[in-house]
Amino acid sequence: MAFKSDFLRTLAERGFIHQTSDDAGLDELFSTETVTAYIGFDPTASSLHVGSLIQIMMLYWLQKTGHRAVALMGGGTGMVGDPSFKDEARKLMTPETIQSNIDGIKQVFSKYLSFGDGPTDALMVNNAEWLLPINYLEFLRDVGQHFSVNRMLAFDSVKQRLDREQSLSFLEFNYMILQAYDFVELNKRYGVKLQMGGSDQWGNIVNGIDLGHRLGTPQLYALTSPLLTTASGAKMGKSLNGAIWLNADLLSAYDFWQFWRNVDDADVERFLKLYTTLPMDEIARIASGNINDAKKTLATEVTALLHGRGAAEAAAETARATFESGALDLSLPTVELPQADIDAGLGIQVALVAAGLAASNGEARRHISSGAVRVKDSFVEEERLSHSKESLLAEGVIKLSLGIKRHTLIKPV
């Protein structure tokens with residue numbers, strides 16, 4: 001349908017909407033009042049990765065169009081773990097680990113949302129506040145009675161595990177009850193009427209709506225985004241070298257910029273719509289021009305939102321100097337290694353792994369055998385070649401390259 005509310009119209013034209021529980025009802029709600037909506041984030045690591053960025057951008061547009069965004073940290077549910085579409089149970093985390101992860105995750109949200117006490121200021125909430133004090137017997141009596149095990153077994157996220165004959169613990173089975181209860185509790189405490197999430201969360205979100213009906217909560221709504229894969233079929237958030245983290249201490253602004261610069265040509269326009277705030281007419285203009293220029297714009301705009309405009313432009317300039325002019329830019333990613341190891345002759349395989357250009361010695365050997373590795377811009381042909389003092393450039397570093405797009409400096413210390 002053609003949405004009349006700014007929020008839903010923006011999400012629809014940019015490609016964020018996969019499914020809603022009630023298109024017309026939700027559009028009317030957003031057209032007539034300031035809506036409070038939330039998305040939950042699991043604290044399974046000290047940083048979110050780029051796969052979560054689509055959810056963060058949904059909260060961004062929610063606030064941008066005059067509504068209130070709630071980022072829910074799963075401090076309570078994180079002690080159980082979401083079993084949705086997982087092959088096996090998550091490893092249980094201690095409360096200390098969960099809190100440490102939440103502290104790391106919080107760093108990103110202030111880049112996209114404005115927090116405060118105003119009617120459209122964002123909130124960050126931890127569901128441990130109401131889940132940890134729960135009286136188990138009272139919870140079973142008051143909430144558990146409203147859940148049908150037959151219906152829960154029919155959800156795709158559960159059914160797939162059982163069809164594969166993979167165990168599903170009672171602990172994990174409780175996750176969907178707790179998430180449903182979150183929705184009701186957030187409505188009671190903050191007036192939340194909409195839960196958003198990826199399409200794999202549809203069953204959990206609908207559970208919350210149904211529980212709200214049974215407990216007398218005002219009408220609640222669901223909105224899910226598509227689960228994104230790249231044009232090559234890879235899951236968003238992963239690369240050949242691991243997760244694309246959002247926290248700068250886990251992934252530099254330069255490496256983040258490079259990830260977006262290297263996306264498939266077929267993904268550029270779609271990613272400009274989802275991950276930047278550029279106007280739609282400008283996106284159309286950029287996408288219809290030179291594809292490499294479009295990729296640079298994508299990389300710079302996405303990086304500017306997360307790391308700041310200065311860091312994004314510095315990353316773009318580093319890439320230009322490295323790839324286009326062949327200059328050595330000392331702002332390239334740098335790894336410090338002991339001077340004694342350099343003096344003794346540092347194995348090229350060890351150097352590749354230390355620089356993050358290979359995950360293992362075996363992968364490093366394959367890169368060398370394929371002719372993809374260079375030291376000081378000269379190709380490495382012998383797998384056992386070691387660095388020496390002669391490998392050092394005048395600037396006191398070793399330039400190590402994999403292919404034409406990935407470069408790291410090794411600095412003796």
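Keep in mind it's a predicted model, so treat the numbers as computed, not measured.
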With sequence neighbours excluded, residues passing salt bridge (charged side-chain N to carboxylate O under 4.0 Å, His left out) with [X]:
| X | result |
| --- | --- |
| Asp265 | Lys295 |
| Glu313 | none |
| Lys111 | none |
| Glu13 | none |

Under the side chain to side chain contact (heavy atoms under 4.5 Å, CB included) test, residues paired with [X] that sit two or more places apart:
| X | value |
| --- | --- |
| Thr300 | Trp257, Arg309, Ala312, Ala316 |
| Thr65 | Asp6, Phe7, Thr10, His67 |
| Lys273 | Arg14, Glu269, Met280, Ile283 |

- Rounding to 0.5 Å, atoms NE2 (His18) and CG (Leu228) come to a distance of 11.0 Å
- Item | Approximate separation, where rounding is to 0.5 Å, of Trp61 CH2 and Leu11 CG | 9.5 Å
Please check this pair: side chain of [X] against backbone of [Y], looking for a donor-acceptor N/O pair closer than 3.5 Å.
| X | Y | answer |
| --- | --- | --- |
| Thr97 | Met93 | no |
| Thr32 | Glu28 | yes |
| Asn290 | Asn292 | yes |
| Arg214 | Ile209 | no |

Taking all non-hydrogen atoms of both residues into account, name the closest pair between [X] and [Y] and its distance.
| X | Y | answer |
| --- | --- | --- |
| Leu250 | Ser46 | CD1-OG, 3.7 Å |
| Gln63 | Ala122 | NE2-N, 3.3 Å |
| Gln258 | Ala319 | NE2-CB, 3.6 Å |
| Leu357 | Glu363 | O-OE2, 4.1 Å |
| Asp27 | Ala2 | OD2-O, 4.4 Å |
| Leu223 | Leu194 | N-CD1, 3.7 Å |

- Query: With the threshold set at 4.0 Å, does a side-chain nitrogen-carboxylate oxygen contact exist between Arg285 and Asp281?
  - Reply: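 No salt bridge links Arg285 with Asp281.
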- Going through the checks in order, is the ring pair (Phe, Tyr, Trp, His ring centres under 6.0 Å) test met by Phe183 and Tyr38? CA-CA 9 Å; Phe183 201 173; Tyr38 89 99; 5.6 Å; yes
- Item | With sequence neighbours excluded, residues passing side-chain hydrogen bond (donor to acceptor under 3.5 Å, both in side chains) with Ser47 |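 Residues passing side-chain hydrogen bond (donor to acceptor under 3.5 Å, both in side chains) with Ser47: Asn247.
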- Sequence neighbours excluded, which residues qualify as side-chain hydrogen bond (donor to acceptor under 3.5 Å, both in side chains) partners of Asn126? none
- Worked verdict on Asn187 versus Thr217 for side chain to side chain donor-acceptor pair (under 3.5 Å): CA-CA 8 Å; Asn187 175 266; Thr217 300; 4.7 Å; no
- Query: Judged by modelled atom types alone, do Gln201 and Asn204 share a side-chain donor-acceptor pair under 3.5 Å?
  - Reply: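 Judged by distance alone, the side chains do pair up.
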- Message: Under a plain distance cut-off of 3.5 Å, with no hydrogens placed, do Asn127 and Thr77 share a side-chain donor-acceptor pair?
- Response: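 The answer is yes; a qualifying pair exists.
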- Note on the structure: With sequence neighbours left out, the residues meeting ring pair (Phe, Tyr, Trp, His ring centres under 6.0 Å) with Phe109 are Phe41
- Does any pair with a residue in residues 99-108 pass side-chain hydrogen bond (donor to acceptor under 3.5 Å, both in side chains), and if so which ones, sequence neighbours excluded? Gln99-Asp103
- Item | side-chain hydrogen bond (donor to acceptor under 3.5 Å, both in side chains) pairs, two or more places apart, involving residues 113-122 | none
- Within a strict 4.5 Å, meaning less than it, do heavy atoms of the Met58 and Ser225 side chains meet?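 Contact flag for Met58/Ser225 side chains = yes.
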- Please determine which of Thr277, Thr276, Leu62 meets the side chain to side chain contact (heavy atoms under 4.5 Å, CB included) test together with Met57. Thr277
- Task: Run the numbers on Trp245 and Phe256 for ring pair (Phe, Tyr, Trp, His ring centres under 6.0 Å), then give the verdict.
- Result: CA-CA 8 Å; Trp245 300 108; Phe256 187 76; over 10 Å; no
